[in-house]
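What follows is a set of notes on a single structure, which appears directly below.
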Amino acid sequence: MTIRGRKKDIILRGGENISVTEVEDLLFDHPQISEVAVVAMPDPVMVERACAFVVPAEGASPTLDDLAAYLGRRKIARQKIPERLELVGELPKTQSGKVQKFRLREIIRDTLAREGSPGPR
């Protein structure tokens with residue numbers, strides 16, 4: 001079986017492949033999250049790290065610590081927990097409603113460049 005078009009749904013973190021789908025599936029059930037997409041962001045040490053783009057539920061403002069604690073309670077491996085959180089009003093989507101993850105990767109890459117850092121250390 002060959003999977004096409006999903007190459008970037010894997011984060012290469014320090015030699016380990018992390019499935020973003022596994023993380024997203026758990027975060028979809030978080031009570032403070034309306035929508036979520038996890039993408040790879042560049043990192044000079046680990047190659048890539050996870051960044052969660054989150055549309056908060058109405059009136060909510062989840063933090064990175066909230067997400068980490070929530071995922072920890074679901075027994076996800078520590079290295080799979082996103083290391084950055086970006087709260088957004090909406091996720092970029094195609095006309096058919098599919099999240100444009102390539103746009104999210106561009107956004108985080110540009111954000112890190114503006115911050116003067118290729119990624120968290």
Side-chain angles (χ1 to χ4, degrees):
M1 177 165 131
T2 302
I3 299 173
R4 293 192 173 103
R6 299 274 181 173
K7 179 180 175 197
K8 290 314 284 181
D9 277 351
I10 298 290
I11 296 171
L12 291 170
R13 186 181 188 281
E16 182 176 355
N17 292 343
I18 297 171
S19 166
V20 299
T21 305
E22 176 186 2
V23 179
E24 289 172 341
D25 286 348
L26 291 170
L27 289 175
F28 279 129
D29 292 331
H30 191 293
Q32 294 186 54
I33 293 176
S34 176
E35 290 183 273
V36 63
V38 177
V39 298
M41 63 181 174
D43 183 80
V45 175
M46 302 301 287
V47 180
E48 295 177 330
R49 292 186 187 254
C51 177
F53 281 86
V54 168
V55 177
E58 191 171 329
S61 1
T63 66
L64 187 57
D65 288 341
D66 293 335
L67 271 60
Y70 181 84
L71 291 170
R73 288 191 300 274
R74 273 135 194 87
K75 308 291 187 220
I76 193 168
R78 187 176 170 119
Q79 66 269 24
K80 295 180 180 183
I81 295 174
E83 292 148 304
R84 184 167 177 130
L85 169 64
E86 294 289 320
L87 297 178
V88 294
E90 64 183 6
L91 297 174
K93 296 180 182 168
T94 64
Q95 287 184 345
S96 63
K98 183 175 181 194
V99 174
Q100 294 178 319
K101 288 193 173 185
F102 74 93
R103 299 253 336 265
L104 296 175
R105 286 189 294 275
E106 289 172 356
I107 290 167
I108 192 59
R109 187 181 60 242
D110 293 346
T111 300
L112 292 172
R114 275 194 311 279
E115 292 174 354
S117 168
R121 298 182 194 266

ring-ring contact (aromatic ring centres under 6.0 Å, His included) pairs touching residues 52-97, sequence neighbours excluded, are His30-Tyr70
Taking it one step at a time, do Gln79 and Met46 satisfy side chain to side chain contact (heavy atoms under 4.5 Å, CB included)?
CA-CA 11 Å; Gln79 66 269 24; Met46 302 301 287; over 6 Å; no
Here the gap from Asp43 atom CG to Ile11 atom CD1, rounded to the nearest 0.5 Å, amounts to 11.5 Å
CD1 of Ile10 to CD of Glu16, rounded to nearest 0.5 Å, is 10.5 Å
Would you check if Pro56 and Pro62 make a side-chain contact, meaning some heavy-atom pair closer than 4.5 Å?
yes
Worksheet item: Are Ile107 and Val88 connected in a single hydrophobic cluster, I mean Ile/Leu/Val/Met/Phe/Trp/Tyr linked by side-chain heavy atoms less than 4.5 Å apart?
Response: yes
Separation between CD1 (Ile18) and CZ (Arg49), nearest 0.5 Å, reads 10.0 Å
Result for side chain to side chain contact (heavy atoms under 4.5 Å, CB included) between Leu67 and one of Leu26, Ile33, Val36 points to Ile33
### Query
Do you reckon Phe102 sits in the same ILVMFWY cluster as Val20, going by side-chain contacts under 4.5 Å, direct or chained?
no
Residue pairs meeting salt bridge (charged side-chain N to carboxylate O under 4.0 Å, His left out), one or both in residues 22-33, sequence neighbours left out, come to Glu22-Lys80, Glu24-Lys101
Closest heavy-atom pair, Pro42 versus Arg109, reported as atoms and distance to 0.1 Å, is CG-CG, 4.4 Å
Are Leu71 and Pro82 side-chain neighbours, meaning at least one heavy-atom pair lies under 4.5 Å?
yes
NZ (Lys98) and CG (Leu91) are apart, to the nearest 0.5 Å, by 13.0 Å
So the salt bridge (charged side-chain N to carboxylate O under 4.0 Å, His left out) pairs with at least one residue in residues 51-63 (sequence neighbours excluded) are none
| task | Give a yes or no on this: more than 12 heavy atoms of other residues, nucleotides or ligands lie within 6.0 Å of atom CZ of Arg78. | result | no
Between the OG1 atom in Thr63 and the CG atom in Asp66, the distance rounded to the nearest 0.5 Å is 3.0 Å
Distance col, row Met41:CE vs Glu86:CD, nearest 0.5 angstrom, shows 8.5 Å
Quiz item: Are Thr111 and Glu115 side-chain neighbours, meaning at least one heavy-atom pair lies under 4.5 Å?
Solution: yes
Minimal heavy-atom distance between Ala40 and Ile108, with the atoms involved, is O-CG2, 4.1 Å
